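Because the structure is predicted, anything quoted here is derived from the model rather than measured. Excluded from the calculations below are hydrogen atoms, water molecules and symmetry mates; all remaining heavy atoms, backbone and side chain alike, are included.
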Amino acid sequence: MGFSPLSLSQFLSSILFLFHFHTTISSSNYSSSSHFCAPDQSLSLLQFKESFSISSSASSEDCQHPKTESWKEGTDCCSWDGVTCDIETGQVTGLDLSCSMLYGTLHPNSTLFSLHHLQNLDLSDNHFNSSHISSRFGQFSNLTHLNLNYSVFAGQVPSEISQLSKLVSLDLSGDLIDYLSLEPISFAKLARNLTQLRELDLSSVDMSLVTPDSLMNLSSSLSSLKLFSCGLQGEFPSSMRKFKHLQQLDLADNNLTGPIPYDLEQLTELVSLALSGNENDYLSLEPFSFDKLVRNRTQLRELELSWVNMSLVAPNSLMNLSSSLSSLKLFSCGLQGEFPSSMRKFKHLQQLDLRKNNLTGSIPDDLGQLTELVSLALSGNENDYLSLEPISFDKLVQNLTQLRELYLRSVNMSLVVPNSLMNLSSSLSSLTLLFHVGLQGKFPSSVRKFKHLQLLDLRFSNLTGSIPDDLGQLTELVSIDLSFNAYLSVEPSSFDKIIQNLTKLRNLRLGSVNMSLVTPNSLANLSSSLSALGLWECRLKGKFPGNIFLLPNLEVLDLSNNKGLTGSFPSSKASNGLRLLALTLTRISVSLENDFFINLKLLEVLVLREFLDLGNNKIEDTFPYFLEMLPELHVLVLKSNKLQGFVSGPMANNSFSKLRILDISNNNLSGLLPTGYFNSLEAMMVNDQNLSYMMGRINYFEYAYYIEVTWKGFDQYFRKIHSTLRILDLSNNSFTGEIPKEIGKLKALQQLNLSHNSLTGHIQSSLGMLTNLESLDLSSNLLTGRIPVQLAHLTFLAVINLSHNQLEGPVPGGTQFSTFNASSFEGNLDLCGFPMPKECNSDEAPPLQPSDFHDGDDSKFFEEGFGWKAVVIGYGSGFVFGVTMGYVVFRTRKPAWFLKVVEDLWNLKARRTKKNARRNGARRN
C-alpha cells in the first residue's frame with residue numbers, strides 16, 4: 001500500500017508540532033526537576049510544623065486556615081502553601097506563615113534556623129507564647145524581609161538582629177506594649193548596620209530608654225518609619241530633613257514634647273503622618289509650622305495630629321490641606337473658632353475626626369458632598385456651640401451612603417426630628433455618642449434597617465415613647481446606651497425579644513428608662529457575653545435578681561435607686577469567680593451578708609448607700625472590716641447605712657491602700673477618728689499625674705465609672721470620675737476626740753469633710769500640708785482655739801466651713817480667706833476680724849503660728865520647711881557671726897578682701913543675667 005506525498009504546508013505543520021511537543025516536554029521535565037525541594041529542607045519544615053499546635057485563637061478572626069495544612073510528607077515542599085524555593089537549587093528562600101494559627105514556643109534549637117537561604121520570613125499573626133526572639137535570627141544573612149508582628153514575642157530584641165545587613169523591611173510590632181523591649185545599645189547597632197532598610201515598624205516595642213534624637217541615626221533611605229506607642233520620651237527631634245524619601249511616619253502615642261519642626265515640609269513624599277496621642281498635650285504645632293507642613297503637600301493622604309496642641313492654628317487654615325486627603329484626625333487639639341464654612345474640596349475624605357475642640361457655628365451643608373465618608377466624628381466641641389440644622393442633617397444623611405460611624409456628641413440637634421435618623425445609611429455600624437444633642441420626640445418606631453449596627457448611644461436626649469421590639473433584630477449590637485431618657489419606656493415583651501437575640505451584647509445601660517413592668521428575673525436571660533449592666537432609676541420592683549451574678553463576664557453592675565427591689569443577696573458561692581470591677585447599689589431594700597464580698601478581689605468601685613427597710617442586714621452592723629481584703633478598691637461609699645460602733649483601725653496590712661474616695665458619712669460611727677487608716681491611705685498621699693478618668697476596660701472598649709457624692713456642700717453626680725479626685729468624708733457621725741495630726745499626710749486630698757461630729761481640741765496646723773485641698777468642712781463640732789494661719793496658704797481652697805464650733809481669735813488674712821463670707825465662720829462667738837462683725841483688739845493680731853497650738857510633733861509634718869526653733873537658731877547664729885566679722889574687718893581696717901568677694905559675686909550675677917537674656921531672646925526669635 002503506497003503513501004501519498006505530504007504537501008509542503010502539511011510538512012511544515014508536522015515540524016512545528018514536533019518542535020512544540022519537544023519544547024513542552026523539555027520545559028516540563030526542567031520545571032519538575034528544578035523545583036523539587038531539597039530533602040533536608042523538607043525535613044526541617046516538617047519538624048518545625050510538629051513543634052506547634054494549631055489553635056484558632058492564636059490568630060485574628062479573619063484568618064481562614066493554617067497554611068501548614070498542605071504540608072505533607074512525601075510531597076514537594078516547594079509546592080506547599082507559604083513556601084518559596086530557589087528555581088535552580090530547590091533551597092527554601094521564602095517562608096510566609098502569617099495568619100496560620102500556630103501556637104507554642106519558638107525554641108533556639110528550632111529547625112527553622114537550618115533554613116540558611118531564607119530571604120523572606122513572615123511569622124506574623126500567630127501566638128508564640130512569649131518566646132524570646134532568638135539570637136539565631138542573626139544567622140539569616142540573606143534575609144531582606146523579616147516580619148514578626150502580632151506574634152506574642154517577649155523579652156529584649158537581640159542585638160544580633162543588627163547583623164541582618166541586607167534587611168529592607170523589619171516589622172517587630174505588636175498590640176501589647178512592653179512585651180518586647182529594645183535597649184539603646186541594640187537600637188544603636190541596628191541603626192548603624194541596617195543601611196539598606198526601607199521599612200521599619202517597632203510599634204508597641206518598649207523603647208522608653210532610647211532617646212528620640214537617636215532616631216536620626218537610621219538610614220536616610222527609609223520610606224516607612226512606624227514607632228507607635230513605644231514609650232519614647234523627650235524632645236521631638238529638632239530636624240527630620242534627612243528622611244527625604246519618607247512616605248509614612250508614625251510616632252503616635254508616645255511621650256514626645258516640644259514643637260514639631262517646620263522642616264517636616266521638606267519630606268515632600270509623605271503620604272501618611274501620625275503624631276497623635278503624645279501625652280499631656282506637650283507636643284505643639286505653631287501656625288507657621290502648620291502652614292509650611294500643609295503647603296503644596298499634594299501626596300498627603302492621612303494626617304493624624306490628635307492631642308497635639310494647635311490652639312493657635314485657625315480652623316480655616318485646614319482648608320490649605322491637600323484635596324486628596326482620605327483621613328484627617330484632629331481630636332482634642334485645642335482648635336477654636338468657627339467651623340470651616342465649606343468642606344467640599346475634600347471629596348476623597350473617608351475619615352474626619354474633629355472631636356473635643358472648641359469649634360463653634362453651624363456644620364456646613366456641603367459636608368454632605370463628601371460622599372466617600374466612612375467615619376464622621378464631630379463630638380464634644382465645648383459648650384455645645386456647634387450646631388447641625390435639619391436641612392444640613394438631611395443633606396448629610398441622604399448622600400453619605402458609605403457612612404459606617406457617626407459621632408455627634410454634644411452637637412446641638414434640637415431641631416432635628418428623631419425619625420430623620422432613619423435616612424442614615426443602612427450599613428451604619430456605629431450610631432454612637434449622639435449624646436446631649438437635644439433630640440426630642442418619639443423614638444423611631446422601627447430600627448431594623450440598621451442590621452450592621454454595633455454601637456448605639458442616645459444618652460441625655462428627650463426621647464419619648466417605647467423602645468421598639470425590632471431593636472432585637474440588630475444582632476450585631478455590642479453596646480446600647482439609652483440612659484437618661486426619663487420619658488422613654490420598655491415593655492416586657494420588647495425587653496425579652498431584645499435580650500434573647502442580642503448574643504454579642506457587652507454593654508447595656510438603660511438608666512432612668514421606665515422598666516416598671518419588666519420582671520427582675522428576666523435579667524437572667526441576658527447574653528452571657530454581657531460585661532456592663534446599668535439599670536439605675538428604672539422603677540424595677542420585685543425580688544432582687546440574684547441570678548444575675550451567674551453571668552460569667554459581668555464586670556460592672558448598677559441597680560441603684562430601684563426602691564421596689566427586695567430580698568437578699570446571694571451567698572459567697574455566687575461571688576466565687578466573679579470578675580466585678582464596680583458594684584453600685586443605693587436606695588434598695590436588699591439585705592447583704594459579709595461573705596458575698598470575700599471573693600471580689602478585682603473590685604475597684606463599691607457604692608452601698610442608703611439601704612432601705614433593711615431587716616437582718618450586715619451592712620447595718622459595725623464597720624465592714626472585711627472590705628479591707630479587696631486589694632483593688634479605689635472608691636468606697638457606705639453613706640447613710642446605720643453603721644454603728646467604733647472604727648478601731650486596719651485589721652490587715654496595706655488596708656485600703658488604693659482608696660481615692662472614702663465616704664462613710666451619715667452613719668452612727670463613734671469613738672476616735674481612725675488614725676490607723678489615715679496612715680494606710682497611700683493613694684490619698686500622692687497626686688495622680690495621669691490626667692484621665694477612672695475606667696473599667698471591658699473587652700475592647702472602656703467603661704467610665706460614675707458616682708454621686710457630696711462635693712463642696714452639694715450632692716453632685718459625676719458621669720466620670722477624674723483620676724485625680726480624692727475625697728474623705730466622715731461627716732454626720734458621732735466621732736469624738738481631737739483631729740489627728742496624721743491627716744496632714746493625705747496631701748492629695750481635694751475634699752475633707754469632718755462636720756457634724758463631736759470633735760474637740762484645736763484645728764491641727766498639719767492641715768496646712770493638704771496643698772491640693774479645694775473644700776474643707778469642720779462645721780458643727782466642739783473645736784476650740786485659733787484658726788491656724790497655715791490654712792490661709794491653701795491656694796486651691798474654694799470652700800471652707802468652720803461654723804458652729806468654739807473657735808476664738810482673729811480670722812487669718814490671706815489670699816483665700818479674703819474671699820470667704822461670714823457664713824463660713826458663724827456660730828463662733830469669739831472669732832474676730834474680717835469677715836466677722838467683731839473687730840480684733842491690737843493684742844489679738846495673729847502670730848506667725850498660733851501660740852496656743854501644741855508644738856509637740858508638728859514639725860515632723862512640715863519636713864520640707866522650717867519650724868520656729870530652727871528659725872530662731874538660724875537668726876541667732878547669723879547675728880553673732882555678723883557682729884564678730886564686722887568687728888574683725890573694721891578693727892583691722894582691711895575690708896578690701898570683703899569688698900572684693902562681694903564685687904565678684906555681683907559681677908557673676910550680672911554675667912548670668914545677660915547670658916539668660918540672650919538665651920531667652922534667641923528663643924523668642
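How far CG of L508 is from OG of S483: 9.5 Å, rounded to the nearest 0.5 Å. Here the CG-CG distance, from L146 to L172, works out to 6.0 Å after rounding to the nearest 0.5 Å. Taking CG of N316 as the start and OG of S341 as the end, the distance is 6.0 Å to the nearest 0.5 Å. Interatomic distance, K242 NZ to L215 CG, rounded to the nearest 0.5 Å: 10.0 Å. Between the CG atom of L293 and the CG atom of N320 there is a distance of 11.5 Å, given to the nearest 0.5 Å. The distance from the CD atom of E555 to the OG atom of S531 is 5.0 Å, given to the nearest 0.5 Å.
Residues satisfying the ring pair (Phe, Tyr, Trp, His ring centres under 6.0 Å) criterion with F796, sequence neighbours excluded, are absent altogether. The side-chain contact (heavy atoms from CB on, under 4.5 Å) test applied to E235 returns T257, P259, not counting sequence neighbours. Residues passing the salt bridge (charged side-chain N to carboxylate O under 4.0 Å, His left out) test with D171: none are found, sequence neighbours excluded. Shown here are the salt bridge (charged side-chain N to carboxylate O under 4.0 Å, His left out) partners of K226, two or more places apart in sequence or in another chain: there are none. Partners of Q398 according to the side-chain contact (heavy atoms from CB on, under 4.5 Å) rule, which considers only residues two or more places apart in sequence or in another chain, are D394. Residues meeting the ring pair (Phe, Tyr, Trp, His ring centres under 6.0 Å) test with F153, sequence neighbours left out: F128. Not counting sequence neighbours, K347 has no partner by the side-chain contact (heavy atoms from CB on, under 4.5 Å) test. Residues passing the salt bridge (charged side-chain N to carboxylate O under 4.0 Å, His left out) test with E302, sequence neighbours excluded: none. Contacts of T401 classified as side-chain contact (heavy atoms from CB on, under 4.5 Å), with partners at least two apart in sequence or in another chain: none.
Judged by distance alone, with hydrogens and angles left aside, the side-chain atoms of N309 form no donor-acceptor pair with the main-chain N or O of L283 at under 3.5 Å. S429 contributes a side-chain N or O that, together with a main-chain N or O of R404, makes up a donor-acceptor pair within less than 3.5 Å. Of the possible donor and acceptor atoms, none in the side chain of N772 sits under 3.5 Å from a partner among the backbone N and O of N687. Of the possible polar contacts, one joining the D206 side chain to the S208 backbone as a donor-acceptor pair under 3.5 Å is found. Looking only at distances, no side-chain donor or acceptor of S410 sits under 3.5 Å from a matching main-chain atom of S379. S151 places a side-chain N or O within donor-acceptor distance of the main-chain N or O of N149, the cut-off being under 3.5 Å. Between the side chain of N357 and the backbone N or O of L330 there is at least one donor-acceptor pair closer than 3.5 Å.
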Inset, instruction - Begin with the C-alpha distance, continue with both residues' side-chain angles, and end with the deciding distance and a verdict on side chain to side chain contact (heavy atoms under 4.5 Å, CB included) for N147 and S124. - result: CA-CA 6 Å; N147 190 347; S124 61; 3.6 Å; yes

Inset, instruction - Before giving the answer on side chain to side chain contact (heavy atoms under 4.5 Å, CB included), spell out for L202 and V157 the whole-Å C-alpha distance, their side-chain angles and the decisive distance to 0.1 Å. - result: CA-CA 10 Å; L202 300 175; V157 177; 5.9 Å; no

Inset, instruction - Kindly determine whether T211 and D213 satisfy side-chain hydrogen bond (donor to acceptor under 3.5 Å, both in side chains), including the steps that lead there. - result: CA-CA 5 Å; T211 57; D213 264 341; over 6 Å; no

Inset, instruction - Before giving the answer on side chain to side chain contact (heavy atoms under 4.5 Å, CB included), spell out for V605 and L581 the whole-Å C-alpha distance, their side-chain angles and the decisive distance to 0.1 Å. - result: CA-CA 6 Å; V605 176; L581 300 176; over 6 Å; no

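Counting heavy atoms from C-beta outward, V397 and L406 have side chains that stay 4.5 Å or more apart. Contact annotation: the side chain of F288 never approaches that of L312 to less than 4.5 Å [non-hydrogen atoms, C-beta and beyond]. Taking 4.5 Å as the limit, some side-chain heavy atom of L439 sits within range of a side-chain heavy atom of L421. Side-chain atoms of L335 and L359, non-hydrogen and from C-beta on, do get closer than 4.5 Å to each other. You'll find the side chain of S60 reaches within 4.5 Å of the side chain of D125, heavy atoms only. L285 is not listed as a side-chain neighbour of L275, based on a closest heavy-atom distance of 4.5 Å or more. Side-chain contact check for S322 versus Q299: every heavy-atom pair is 4.5 Å or farther apart. Contact check for F443 versus L482: side-chain heavy atoms found under the 4.5 Å cut-off.
A donor-acceptor contact closer than 3.5 angstrom is absent between the side chains of E199 and S224. When only modelled atom types and interatomic distance are considered, S203 and D201 share a side-chain donor-acceptor pair under 3.5 Å. Defined by atom type and a distance below 3.5 Å, a donor-acceptor pair is present between the side-chain atoms of R198 and S221. Between the side chains of S387 and N412, not a single donor N or O lies within less than 3.5 Å of an accepting N or O. Side-chain atoms of N507 and S479 include a donor-acceptor pair closer than 3.5 Å.
Pairing each heavy atom of L463 with each of N485, the nearest pair is N-OD1, 3.2 Å. The two residues L303 and L321 come nearest to each other via the heavy atoms CD2-CD2, 3.6 Å. Across every non-hydrogen atom of L300 and L325, the tightest pair is O-CD2, 3.8 Å. Summarising the geometry of A748 relative to A683, their closest heavy-atom pair is CB-O, 4.4 Å, with the distance given to 0.1 Å. For P237 against P261, the heavy-atom pair with the smallest separation is O-CG, 3.5 Å. Listed here is the closest heavy atom pair of C230 and N254: N-OD1, 2.9 Å.
Note on ring orientation: taking the six-membered ring where Trp is involved, the planes of F460 and F484 are parallel (angle under 30°, cut-offs 30° and 60°).
Annotation: salt bridge (Lys or Arg N to Asp or Glu O under 4.0 Å) contacts involving residues 283-300, sequence neighbours excluded, comprise E265-K292. Applying the ring pair (Phe, Tyr, Trp, His ring centres under 6.0 Å) rule to pairs touching residues 316-344 yields W307-F331, sequence neighbours excluded.
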Mind listing the side-chain donor-acceptor pairs of residues 364-375 below 3.5 Å, one per line with the distance, residues two or more places apart or on another chain?
{"from": "D365", "atom 1": "OD1", "to": "S392", "atom 2": "OG", "distance (Å)": "2.4"}
{"from": "D366", "atom 1": "OD1", "to": "M343", "atom 2": "N", "distance (Å)": "3.2"}
{"from": "D366", "atom 1": "OD2", "to": "S342", "atom 2": "OG", "distance (Å)": "2.6"}
{"from": "D366", "atom 1": "OD2", "to": "M343", "atom 2": "N", "distance (Å)": "3.1"}
{"from": "D366", "atom 1": "OD2", "to": "R344", "atom 2": "N", "distance (Å)": "3.3"}
{"from": "D366", "atom 1": "OD2", "to": "R344", "atom 2": "NE", "distance (Å)": "3.1"}
{"from": "E372", "atom 1": "OE2", "to": "H348", "atom 2": "ND1", "distance (Å)": "3.3"}
{"from": "S375", "atom 1": "OG", "to": "E405", "atom 2": "OE1", "distance (Å)": "2.9"}

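The one candidate from L225, V168, L170 that meets the side-chain contact (heavy atoms from CB on, under 4.5 Å) condition with L197 is L170.
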